[in-house]
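Single-structure report; data block below.
Keep in mind it's a predicted model, so treat the numbers as computed, not measured. Every chain is numbered from 1 and lettered A, B, ... according to where its sequence line falls, protein lines coming before strand lines.
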Amino acid sequence: MVKIAGEWLNSCSGCEIAILNLGETLLTLLPELEFVHLPVLTDNKYFGQTGERDALTIPRAVVGIVSGGVRNEEHLEVLRELRAKTDVLVALGTCATAGGIPALANQTSAASMRELVYRGQPSTVPGPDPDPSRHHIPAMLETCDAVSQHVKVDLSVPGCPPHPDWIAEAIVSLLEGRAPAMPERSVCDGCPTRRLGPDSGCAGAGGTLHRLLEQPAFDPDKGLEEMRCLLEQGFMCMGPVTRRGCGGREGAPRCIAARVPCRGCYGPVNAHSLPFVDYVGALTAVGQSYADMPDKPGYLSRFNGSHTIIRKLED
Amino acid sequence: MPRTIRIAPLTRIEGHAALDIHLDEAGDVADARMTVMSLRGFEKFLMGRPVEEVPRIVTRICGICPWQHHIASTKAAEACLGVAPTPTAAQLRELCQMLASIPDKILHFYFLAAPDFVLGPGADPALRNVAGLVGAAPELARKAALMRYRTQMGLEKFAGKVIHPVAVLVGGFSKPLLEHERAELLALTRDALDFSLESVRLARETLLPPLVKRFRELGEYPSAYLGMVDPNDGSLALHDGVLRLMDQDGSHEEFHPSDYTSHLAEKVEPWTYLKFPYMRRAGRLVLDEREPVGLYRTNCLARVNVCEGISTPLAHSELEIFRREFGRPAHQTFLYHWARLIELVYCCERAIELLEDPAILGRDIRTLPIAPRAGEGVGCVEAPRGTLIYHLKCDHEGMVTHANLLAGTTHNNAGMNLSARQAARSAIKGGVYDQGLLNTVEMSLRAYDP
């Protein structure tokens with residue numbers, strides 16, 4: 001039996017549902033695993049079952065799995081305790097590996113967020129911010145961070161959510177004591193759609209960029225291999241600057257399978273690449289202009305806001 | 001000596017929270033508070049985004065009910081831009097919402113709540129979980145796990161992505177449903193209906209009755225209820241309709257979701273990051289279990305309370321059984337579990353109805369063209385955890401200038417806090433408590449599926 005401790009920080013529980021979506025594989029693996037701490041499914045408490053301890057404690061385990069980014073002091077405390085009590089720490093999902101969507105908040109200040117939520121909404125009777133100095137709630141950090149910005153991570157499994165195939169690969173490789181074989185390269189590398197080249201004279205090529213207010217061209221009775229590359233059709237597909245893997249070992253990229261462009265949910269192709277820079281080249285390759293692109297941070301930093309290279313906008 | 005018991009994290013719930021129980025000199029409960037520790041602030045970073053991208057961002061508010069966020073925000077964006085989905089697209093969206101609700105309800109009942117029913121509220125906490133359930137009732141656990149998995153995968157196969165979906169677009173849906181996909185989903189949904197009927201029977205005949213009795217003293221107080229109904233006949237509505245706010249005595253008013261600020265207000269407290277919605281006309285919120293003021297509840301118990309009936313036959317007859325026993329409105333917190341399974345039956349039946357309508361195979365899936373314009377709009381659906389309201393404004397280029405949202409669990413913040421205090425007062429006296437009693441207090445929150 002391998003002991004596992006799982007935690008979720010600034011997260012949505014999608015990663016945990018992805019674990020459940022291992023389905024039969026999970027049922028096969030379960031006899032080999034013991035979950036000593038996993039708040040969504042089991043009842044272990046930080047301060048003891050009757051709240052008798054003063055210090056936040058997580059039981060010792062071989063493998064730690066953490067989803068979500070780091071947004072407040074409690075996330076930090078939980079993360080450090082999990083790191084201290086586990087031999088191998090897995091960062092699960094793009095929030096943990098790159099900040100994920102909640103790190104879009106890093107483009108403005110935490111104070112401006114509280115200002116809107118507690119004093120700027122038509123349904124809200126304005127009140128002062130919740131007060132961590134007087135009450136038992138953690139103070140917010142100024143930014144939403146990836147897990148690796150605070151502790152050493154042994155294995156990153158990105159994805160929003162990660163495909164169950166890669167969650168299984170992470171667990172099985174650890175059980176077998178070998179290096180995991182995780183996907184590298186870009187979404188385009190595993191995309192079956194057709195590229196005809198920017199000068200093919202087909203509709204969309206070299207024309208204006210399209211927002212999702214328009215409809216890509218495709219024949220629903222034909223497979224994805226008959227659909228023209230959405231980027232070539234002028235839709236802002238983030239495939240070229242996004243790590244592949246969302247379709248699992250066998251499948252096509254998931255958004256493409258739904259006939260919509262990629263938005264980058266696996267994070268950058270590699271941890272140190274810069275989608276903001278690389279996308280200029282990707283658009284140029286299909287005859288589109290980067291200058292025409294609206295809301296660049298909203299598309300290109302959508303999932304990697306903890307690694308953003310631009311400075312915050314003023315409030 | 002006064003002291004505080006901190007139960008953290010609250011477990012087998014779908015979100016993140018802690019419970020503080022404050023004891024007085026005598027060891028009795030002076031107060032109990034459920035605190036939400038984190039603020040993610042989606043409203044803030046939606047600003048500046050193209051309004052049609054909002055449905056692709058807000059899914060990350062909840063990995064368990066991303067479809068409801070996806071759909072409600074699309075409706076708000078459509079109201080901003082002045083477009084409506086085609087009839088086929090509207091059917092496909094409702095179908096996806098129903099299909100997504102099935103695994104959600106199975107997950108909550110069997111994986112999160114049932115360990116308390118099957119193993120007992122005071123069972124060994126190391127076993128009181130889904131693994132313990134597998135040990136105690138292997139056939140049932142396996143069946144539930146498989147049904148949950150199959151419905152998730154069925155929806156994913158059709159819609160591309162099931163967790164954090166992408167197929168709902170402003171003006172419609174990204175792809176049509178093909179005949180062979182319809183046949184597969186229909187077979188799957190018929191199996192799900194059989195399983196849901198088995199589940200509701202098991203719950204009302206075996207699992208819930210002993211606990212309903214016990215939990216009457218742990219958690220029952222009069223409150224108002226908020227839920228969506230069909231504007232024509234007042235029947236249960238999850239995808240589209242008007243909102244009905246029912247008072248403690250059963251009297252009610254109805255309003256269009258876009259009028260939400262006239263009926264609902266939110267209060268800020270210094271000890272939790274989650275706001276407290278209440279009825280605006282009450283003018284204030286008072287958490288008193290004998291006579292709460294301004295308090296309303298949402299989620300499945302609220303929905304089965306406010307509706308006149310259910311449009312599908314099997315769910316309706318379950319509702320009649322429920323009402324014969326508990327009346328209307330039913331105020332016991334524990335009955336959320338029962339109401340959830342009535343809705344499970346409805347979601348299966350409604351999905352079958354939609355799939356049996358040939359119009360759902362239509363190829364007209366998107367209203368085009370759509371031009372950016374300045375606008376404002378509200379979108380609403382019923383999420384598993386309650387009424388979900390999106391309010392968006394955008395400028396002439398269709399970029400978001402303001403966003404407000406009221407999510408299901410937020411509506412229940414006041415209700416959950418009152419339930420926690422009531423349960424704690426009833427379970428803990430003279431400083432005597434153990435992990436089992438503390439778990440019964442947690443069960444009063446787990447019922448809300450927060």
### Query
Under a 4.5 Å heavy-atom cut-off, does chain A meet the side chain of B/Thr261, its backbone, both or neither?
side chain
### Task
Go through the atoms of A/Pro132 and report whether side chain, backbone, both or neither lie under 4.5 Å from a heavy atom of chain B.
side chain
### Task
Give the member of B/Arg6, B/Lys161, B/Met37, B/Lys175 that has the highest number of heavy-atom pairs under 4.5 Å with chain A.
B/Arg6
### Message
Please classify the contact between B/Ile365 and chain A as side chain, backbone, both or neither, with a heavy-atom cut-off of under 4.5 Å.
### Response
side chain
### Task
Pick one of side chain, backbone, both or neither for B/Leu178, based on which atoms fall under 4.5 Å of a heavy atom in chain A.
side chain
### Task
Examine whether an atom of A/Ala252 lies under 4.5 Å from a heavy atom of chain B, and if so say whether it belongs to the side chain, the backbone or both; otherwise answer neither.
neither
### Task
Pick whichever of B/Gln435, B/Arg148, B/Gln152, B/Met399 has the most heavy-atom pairs under 4.5 Å with chain A.
B/Arg148
### Task
Select one option (side chain, backbone, both, neither) describing which atoms of B/Phe158 are under 4.5 Å from chain A's heavy atoms.
neither
### Region of A/Leu26 in contact with chain B, defined by heavy-atom distances below 4.5 Å
neither
### Part of A/Glu74 lying under 4.5 Å from any heavy atom of chain B
side chain
### Message
For the interface with chain A, which of B/Ile57, B/Leu112, B/Thr59, B/Leu264 has the highest count of heavy-atom pairs at distances below 4.5 Å?
### Response
B/Ile57
### Task
Check whether A/Leu116 gets within reach of chain B through its side chain, its backbone, both or neither, counting any heavy atom under 4.5 Å.
side chain
### Message
Report which part of A/Ala139 has an atom under 4.5 Å of a heavy atom belonging to chain B: side chain, backbone, both, or neither.
### Response
backbone
### Task
Please state whether the side chain, the backbone, both or neither of B/Ala8 comes within less than 4.5 Å of a heavy atom of chain A.
both
### Query
Any idea which of A/Ile256, A/Leu20, A/Asn10 has the most non-hydrogen atom pairs under 4.5 angstrom with chain B?
A/Leu20
### Message
What part of B/Pro277 gets within 4.5 angstrom of chain A, counting heavy atoms only: side chain, backbone, both, or neither?
### Response
neither
### Choice from A/Leu41, A/Asp131, A/Asn72 maximising heavy atom contacts with chain B below 4.5 Å
A/Leu41
### Message
Taking every non-hydrogen pair under 4.5 Å, which of A/Gly69, A/Gly48, A/Ala257, A/Pro220 racks up the most with chain B?
### Response
A/Pro220
### Query
Checking B/Val162 against chain A: side chain, backbone, both or neither under 4.5 Å from a heavy atom?
side chain
### Query
Non-hydrogen atoms of chain B under 4.5 Å away: do they reach the side chain of A/Arg211, the backbone, both or neither?
both
### Message
Report which part of A/Pro261 has an atom under 4.5 Å of a heavy atom belonging to chain B: side chain, backbone, both, or neither.
### Response
both
### Query
If we ignore angles and hydrogens, is there a donor and acceptor under 3.5 Å between the side chains of A/Glu7 and A/His37?
yes
### Task
Side chain from CB out, backbone as N, CA, C, O: work out which of these in B/Ile163 comes under 4.5 Å of a heavy atom of chain A, or both, or neither.
both
### Query
Where on A/Phe303 is there a heavy atom nearer than 4.5 Å to chain B: the side chain, the backbone, both, or neither?
side chain
### Message
Between A/Arg302 and B/Glu53, does any side-chain N to carboxylate O distance fall below 4.0 Å?
### Response
yes
#### Entry: Contacting moiety of A/Pro128, where chain B heavy atoms sit under 4.5 Å
backbone
### Query
Using non-hydrogen atoms only, which part of A/Asn44 is less than 4.5 Å away from chain B: side chain, backbone, both, or neither?
backbone
